[in-house]
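First listed ligand is number 1; within each ligand, the first listed atom is number 1.
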Amino acid sequence: MTKSSSAGKPTLSGGQKPLRKGLLSAVDLTEAEIRFLLGTAKAFSPAVNRGDSIPLLQGQTVVNLFFENSTRTRTSFELATRKLGGGVLNFAASTSSVVKGETLIDTAKNLEAMRPSCLVVRHASAGSPMTLAAQVDIPVVNAGDGFHEHPTQALLDVYTMEEKLGNVRGKRVVILGDIAHSRVARSNIYVLRKLGASVAVCAPPTLLPPHPETLGVDYAYRPESLLPDADIVMALRIQLERQNRMQMPSLAEYSKFWGLDNERAKMLKPGAIILHPGPVNRGVELDTEVADGPRSVILDQVYNGVLVRMAILASICNPDGLKNWLLKEGKNV
Ligand code: CP
């Protein structure tokens, strides 16, 4: 079984094979599984920094099945697969037979027939990776489904928080932005609560869920009450593509009252860090001086996304090989 480790070291023991069936949601992950993935990503870091490949996916193919646009997630899954020695098949809905009317499930089943090891799925409909996982026999990884979940993003976010500030237990994390439509917020809340962080969300009332108390975290309508106590602030994009109509008078008003500009960033205590999952709308949720300033760890998040996705893919596609690699490298297995 897996054991939790606050030091972020992998502690797999007893032959458990985590994530054999894929990774569909952060809410399904145990604290031990989260710790194992974070620890494995950390164990990969020196080899990746040296430019060494870690050949745990040799002879395997990962399919990136993206029905929504992506810069970071798709490319980092591709890089992660390549750094593990695997092959990548990138599927783009816009140039596929989806435009001729082929369904999501038929598309996935046809790709599965080519015998890949794993499907990495992004789709605008909440729950579609779960629907697919019930229809195919290979593991499925959720790379973002509507406003539901983005579990691999939450894992790379927490990895980055701990890389900069140590264990998140007891740390105050403020998530600021369009909470109602954010899969990133939802998955982060699940992971951070499991690891013992203190989480608060902040948004205009129209951009919080109808019953914000059901999130199980603190909430406020204005950032000024939360920023002075924050160790970590995560700013989120306004998800206009998921809103039936704009749920605020204007982006300018959002920026004025909720945007993280220099004045609001000055309220943070020394050492507090700022994250954003990207893409950033500069001048709306984050001013350029803040996005590019000394507290920003946004590009570290992007780099760490490769390490964390390597850990996820190795855990899913070659758990025994991963266990042997960790043992060989003396990584506290
Ligand atoms: N954070 C994130 O999901 O970015 P992309 O949409 O570019 O993948």
Should [X] and [Y] count as an ion pair when the cut-off is N to O under 4.0 Å?
X      : Y      : value
Lys83  : Asp52  : no
Arg222 : Glu224 : yes
Lys164 : Asp231 : no

Task: Centroid-centroid under 6.0 Å between Tyr221 and Trp258 rings - done: no
Task: Value rounded to 0.5 Å, distance of NZ in Lys42 from CG in Asn304 - done: 11.5 Å
Open item on the list: Just to be sure I understand the cut-off, which residues have at least one non-hydrogen atom under 4.0 angstrom from an atom of ligand 1?
Closed with: Ser70, Thr71, Arg72, Thr73, Arg122, His150, Gln153, Pro277, Gly278
Task: Phe67 and Phe91 aromatic ring geometry - parallel, tilted or perpendicular at 30°/60° bounds - done: tilted
